Number of protein chains: 2
Amino acid sequence: MQVGMRSDTNPTLADKLAAAIADGILNGKLPPGERLDEVGLAEQHGVSRTPVREALRQLAMSGLIDMRPRKGAIVSKATPEEIESLFVAMAEMEATCARLAAMSMTPIERRRLQARHEAMMALAAAGETEAYSDANVAFHSAIYAGAHNAPLAEYAMNLRRRVGPFRRAQFRMDGRLLRSNQEHDAVVRAIVSGDAAGAHAAMIHHVSLVEDAFEAFAAINAA
Amino acid sequence: MQVGMRSDTNPTLADKLAAAIADGILNGKLPPGERLDEVGLAEQHGVSRTPVREALRQLAMSGLIDMRPRKGAIVSKATPEEIESLFVAMAEMEATCARLAAMSMTPIERRRLQARHEAMMALAAAGETEAYSDANVAFHSAIYAGAHNAPLAEYAMNLRRRVGPFRRAQFRMDGRLLRSNQEHDAVVRAIVSGDAAGAHAAMIHHVSLVEDAFEAFAAINAA
DNA sequence: TAGGATGAAATTGCATACAATTACGCCCGG
DNA sequence: CCGGGCGTAATTGTATGCAATTTCATCCTA
């Protein structure tokens with residue numbers, strides 16, 4: 001579910017375009033700083049500029065792109081400080097969701113989270129990076145949902161999308177999978193046992209380490 | 001500053017329309033559930049439907065209105081449960097900002113927050129509801145800014161806007177001003193002294209009590 | 001050669017026109 | 001009197017056209 005996305009019984013072209021463009025951004029086909037030409041996108045998708053403009057506005061509000069009047073739109077390009085802020089914000093949002101999840105998840109949700117986590121242990125041990133990455137998104141989404149608070153879950157998911165373009169290849173690092181899984185273990189234990197403060201702390205710890213991985217990655221790339 | 005709002009050296013019609021419509025919603029001229037007719041808004045503002053539609057999309061992404069394809073837009077109307085979620089989300093966001101502010105505000109920012117708080121004491125004592133309300137927004141905004149994290153500040157402000165239509169007349173209750181000010185005192189003391197956990201707790205307490213005021217207000221209205 | 005003025009091309013912003021779906025009143029049948 | 005089908009009006013979605021600003025290359029000048 002997406003922030004403010006129009007309910008999708010009959011999605012409009014603008015909605016589909018927004019999804020397609022967002023996909024391109026998250027896939028790296030549209031890297032940060034890339035110019036988003038209205039006529040280009042329109043021709044590329046075989047539509048007129050009107051729905052393209054509406055899609056761009058949607059994406060601008062989500063923070064995925066930047067628009068400046070009369071200057072056009074680009075994929076959001078952030079300074080290192082802004083990227084740092086995004087990671088801090090995401091850590092805080094995830095930690096908040098984890099805290100609420102520890103307080104308000106149902107017993108069934110807790111068991112399912114535990115099962116999900118255990119399944120991921122096998123993936124981590126087998127080094128299945130891709131499958132682990134997908135499962136990881138689902139794992140965090142389960143925690144968002146467990147907070148039982150739609151606005152917070154939407155913000156958390158939105159932030160996760162926004163940092164996406166800046167954290168590619170995070171799991172490529174040696175031992176990252178196993179370490180991630182160990183951190184998940186602390187998070188899951190706290191949530192399952194209803195330890196709100198512990199869940200918060202464990203999640204902040206976890207996401208902050210992901211951030212470290214990014215910093216290292218950025219440093220390597222800069223060299 | 002608004003989430004994703006286009007930088008405003010030369011704001012577009014859509015941006016100005018979005019601001020105008022948002023203003024109408026926050027002022028109560030456009031109550032929750034009100035239908036937002038595109039041609040009506042266009043004629044009312046003397047523009048065509050195109051910028052109106054773009055403004056509506058912006059507002060939809062901010063959560064202030066709901067759009068359903070081919071069904072039109074309405075001012076967001078929430079169930080009591082959804083309103084509760086909004087208040088919880090706002091409390092969490094504000095508390096997170098307060099926690100970060102306690103950790104990262106500069107000495108100057110701390111002193112200014114203290115001064116702001118002390119000025120509000122006088123307003124509360126004098127029962128100047130309107131001035132206090134304005135100062136209250138500035139007070140909370142100062143804390144958002146003190147978190148030194150633009151994304152979180154934007155989310156917090158956005159949530160504050162979203163709950164606006166559902167918390168009108170909150171300060172009308174007897175003694176609410178003085179109580180609010182006392183709660184602010186706890187928040188300010190924690191932030192100024194760098195007590196992150198205390199700031200978080202005090203802010204959650206404060207915003208939760210505002211929520212209680214809403215609940216009471218809603219109950220009275222229902223009767 | 002560097003710098004700035006200039007003009008055309010490209011691009012965005014807005015308005016208008018058309019298409020398609022929905023909403024609503026009306027009539028008819030039961 | 002009530003409910004369902006039907007047709008028209010109203011409303012939204014999309015395309016196209018025009019105006020205005022920006023951008024970029026070119027040329028002129030110091």
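Computed from a prediction, not measured in an experiment: that's the story for all the values here. By convention in this document, chain letters (A, B, ...) are assigned in the order of the sequence lines, proteins followed by strands, and residues within each chain are numbered from 1.
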| request: Could you tell me which residues satisfy side chain to side chain donor-acceptor pair (under 3.5 Å) with B/Glu130, sequence neighbours excluded, listed by chain and number? | output: none

| message | Restricting to side chain to side chain donor-acceptor pair (under 3.5 Å), what partner residues turn up for B/Asp23, sequence neighbours left out? | response | B/Asn27

| Nearest-Å distance for atom pair CD/C1', residues B/Gln58 and C/dG13 | 14 Å

| query | Just how far, in rounded Å, is P of C/dT12 from CG of B/Asp15? | reply | 16 Å

| query | Side-chain N or O of B/Arg53 less than 4.0 angstrom from OP1 or OP2 on D/dT12? | reply | no

| request: Sequence neighbours left out, what passes side chain to side chain donor-acceptor pair (under 3.5 Å) with A/Glu94? Give chain and number order. | output: A/His140, A/Tyr144, A/Arg160

| task | Could you tell me the separation between the CE atom of B/Met67 and the P atom of D/dT11, rounded to a whole number of Å? | result | 15 Å

| task | Whole angstrom is fine here: how far is it from CG in A/Leu36 over to P in C/dA10? | result | 20 Å

| Over how many whole Å does the gap from A/Glu54 atom CD to C/dG13 atom P extend? | 13 Å

| Residue list, salt bridge (charged side-chain N to carboxylate O under 4.0 Å, His left out) with A/Arg49, at least two apart or on another chain | A/Glu38

| Below 4.0 Å: OP1/OP2 of C/dT12 and any side-chain N or O of A/Arg35 | yes

| field | Residues forming a side chain to side chain donor-acceptor pair (under 3.5 Å) with B/Ser76, sequence neighbours excluded | value | B/Asp66

| said: Would you call the rings of B/His184 and B/His117 parallel, tilted or perpendicular, taking 30° and 60° as the class edges? | reply: tilted

| said: Tell me the interatomic distance from A/Glu43, atom CD, to C/dT12, atom P, rounded to whole angstroms. | reply: 12 Å

| query | To the nearest Å, how far apart are B/Ile74 CD1 and D/dT11 P? | reply | 16 Å

| task | Grab the NZ-C1' distance between A/Lys16 and D/dG13 for me, whole Å please. | result | 12 Å

Filtered N/O pairs between nucleotides 15-22 of chain C and protein, under 3.5 Å:
| unit_1 | atom_1 | unit_2 | atom_2 | d |
| --- | --- | --- | --- | --- |
| C/dA15 | OP2 | B/Ser48 | N | 2.8 |
| C/dA15 | OP2 | B/Ser48 | OG | 2.9 |
| C/dA15 | N7 | B/Thr50 | OG1 | 2.9 |
| C/dT16 | O4 | B/Thr50 | OG1 | 3.3 |

